[in-house]
Amino acid sequence: MTPLPLRPDLRGATPYGAPQLDVAVRLNTNENSHPLPARLLSDIAAAIGTAAAGLNRYPDREASALRADLARYLAHGLTAEQVWAANGSNEVIQQLLQAFGGAGRSSLGFTPTYSMHPIISAGTGTTFVDGRREADFALTAAHVTAQIRDHRPDVVFLCSPNNPTGTALDLDVVMAAYDATAGMVVVDEAYAEFARPGTPSALTLLPGRPRLVVTRTMSKAFGMAGLRLGYLAADPAVVDSVRLVRLPYHLSTLTQVTARVALTHAPALLDTVAAVTGQRDRIVAGLAAYGLTSVPSDANFVLFGGMPDAQVLWQALLEHGVLVRDVGLPGWLRVTVGTESEVSAFFDALDGIVALSDHAVSDLAPPAADRS
Ligand SMILES: *Cc1c(COP(=O)(O)O)cnc(C)c1O
């Protein structure tokens, strides 16, 4: 059979593929497990009912009202001209790479980091360079600067808090990266709302830095992964640049309306953040009782290690009805922080695995003490 005339640089590539399995406890894609407030749901239904009458027309191409609402939510003195929105921050990143990356250009990320940065780079013909982290997954200003000088990328990705490790970056690393490159610096802050108190946002660095971009999403803390709404804050010239590559009317009327309603409920939606961070601390404390280790997390997930075989434990947890994420990092797994009962189910599954004394997980210690 003659192969399709696929772009040579895409041959042999594999698509993004976090398993979407029908499992009782899904802790693998960092969604917010908490149900959305009933009042938000009825407000969304009403607003969509009204907006539906206008669906014969294209949506506002500039999403002006939504961008003004997002700017107000972000605060930091931002205006609608400095904010851009798209279908998830993944599309925002794609538009950034279409505008600032592309054929003959490169992007640099610091592995392990968000798996979509290399995948979207590949899709846009941008060469992704796998930068390095320290042994404990930390990034220092000196290390980042040296790698930028070596590779001279057109786009630098910093992820803070970083997925899958969970830790937020010090702003001196962002400033050092900015000063070391003539390219764009994209700080992916998908998990910013979960950061430990006192963790500063790169939004504070935007004034005077026209090549700096901060991306955010409504998929995580806002609990609206199904909505597909991501956004960026940057200099207005960055927004004008992504306008050159965005598809006209990329953000549907229903998406814009729903996102605007959700923003009016922001305080209620963000109420779940405290519950999530509380359960995050419970996971970290509870894992130690099994002899497992974890990385300090500013996010709604925990990267944990110390098991004899991560893939075997992943499978055993699945057989106990709990789906976590194998991020392809040997010796580590990532668990999303769910509701209190989901976290209990995660520990019950670990208890069940220990009790089975499966040879491959037998190094797991039984819980040393009551963890509730
Ligand atoms: C989940 C996640 C996103 C969110 O992507 P959306 O397209 O907005 O759902 C972005 N960046 C990182 C690092 C993530 O983990």
Side-chain angles (χ1 to χ4, degrees), residues 15-18 20 26-33 63 66 70 73-74 83-98 107 109-121 123-124 128 131 133 137 139 155-169 174 185-195 199 201-202 213-233 242 246 250-252 255-256 258-259 262-263 269 273 276 280 295 297-303 324-329 334-338:
Y16 173 87
Q20 281 195 305
R26 282 176 291 178
L27 302 177
N28 74 326
T29 48
N30 299 342
E31 294 145 321
N32 189 332
S33 291
L66 171 60
L70 288 166
Y73 166 71
L74 285 177
V83 173
W84 181 250
N87 296 282
S89 46
N90 281 318
E91 189 180 40
V92 172
I93 292 166
Q94 183 178 53
Q95 292 172 342
L96 287 168
L97 284 168
Q98 286 175 315
S107 60
F110 300 92
T111 311
T113 191
Y114 186 41
S115 61
M116 286 309 297
H117 295 159
I119 292 176
I120 302 171
S121 294
T124 58
F128 182 82
R133 287 173 181 267
F137 303 125
L139 267 186
V155 178
V156 178
F157 286 111
L158 296 169
C159 190
S160 178
N162 186 49
N163 178 9
T165 57
T167 319
L169 276 181
V174 180
V185 175
V186 179
V187 185
D188 186 333
E189 291 194 350
Y191 301 96
E193 290 93 345
F194 297 107
T199 308
S201 165
V213 185
V214 180
T215 62
R216 295 279 187 102
T217 180
M218 294 180 76
S219 297
K220 308 290 160 60
F222 267 84
M224 304 218 63
L227 173 62
R228 307 309 298 128
L229 200 289
Y231 51 105
L232 66 75
V242 298
R246 64 96 194 276
H250 66 296
L251 210 48
S252 89
T255 302
Q256 294 186 40
T258 308
L263 284 166
L269 286 167
V273 166
V276 169
R280 172 181 76 201
V295 180
S297 177
D298 290 292
N300 66 340
F301 56 83
V302 176
L303 188 72
V324 300
R325 188 72 179 278
D326 180 351
V327 290
L329 202 56
R334 191 192 70 192
V335 60
T336 301
V337 180

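Ligands are counted one by one from 1 in listed order, and the atoms in each one are counted from 1 as well.
Aromatic rings of Phe301 and Phe194 (six-membered ring for Trp) have centroids beyond the 6.0 Å cut-off, not under it. Annotation: Tyr73 is in aromatic contact with Phe222 [ring centroid separation under 6.0 Å].
In this structure a side-chain-to-backbone donor-acceptor pair under 3.5 Å is missing from Arg334 to Val324. With hydrogens and angles ignored, the 3.5 Å screen pairs no side-chain donor or acceptor of Asn90 with any backbone N or O of Arg228.
Side-chain contact check for Leu96 versus Thr215: some heavy-atom pair is nearer than 4.5 Å. Side chains of Glu189 and Ser201 form a contact here, defined as non-hydrogen atoms less than 4.5 Å apart.
Both the backbone and the side chain of Ser89 come within contact range of ligand 1, each with a heavy atom under 4.0 Å. Under 4.0 angstrom from ligand 1, the non-hydrogen atoms of Lys220 all belong to its side chain.
In the vicinity of Ala190, heavy-atom distances shorter than 4.0 Å reach the ligand 1 atoms 2 (C), 3 (C), 10 (C), 11 (N), 12 (C), 14 (C). Against a heavy-atom cut-off of under 4.0 Å, Ser219 is close to the following atoms of ligand 1: 6 (P), 8 (O), 9 (O). The ligand atoms of ligand 1 that sit less than 4.0 angstrom from a heavy atom of Gly88 are 6 (P), 7 (O), 8 (O). Close approach to Tyr114 involves these atoms of ligand 1, each under 4.0 Å from a residue heavy atom: 2 (C), 3 (C), 5 (O), 10 (C), 11 (N), 12 (C), 13 (C), 14 (C), 15 (O).
A distance of 3.5 Å separates CG of Asn162 from OG1 of Thr165, quoted to the nearest 0.5 Å.
Atom 7 (O) of ligand 1 has as its closest protein heavy atom Arg228 NH2, 2.8 Å. Atom 15 (O) of ligand 1 has Tyr191 OH, 2.5 Å as its closest protein atom, hydrogens excluded (heavy atom only).
The option from Asn87, Asp188, Thr29, Asn162 that lies nearest to atom 11 (N) of ligand 1, judged by heavy atoms, is Asp188.
Considering both main-chain and side-chain atoms, Asn30 never comes within under 3.5 Å of ligand 1 through any nitrogen or oxygen pair.
At least one heavy atom of Cys159 sits less than 4.0 Å from an atom of ligand 1.
Crowding of Arg26 atom CZ: a count of heavy atoms from other residues, nucleotides or ligands under 6.0 Å not exceeding 12.
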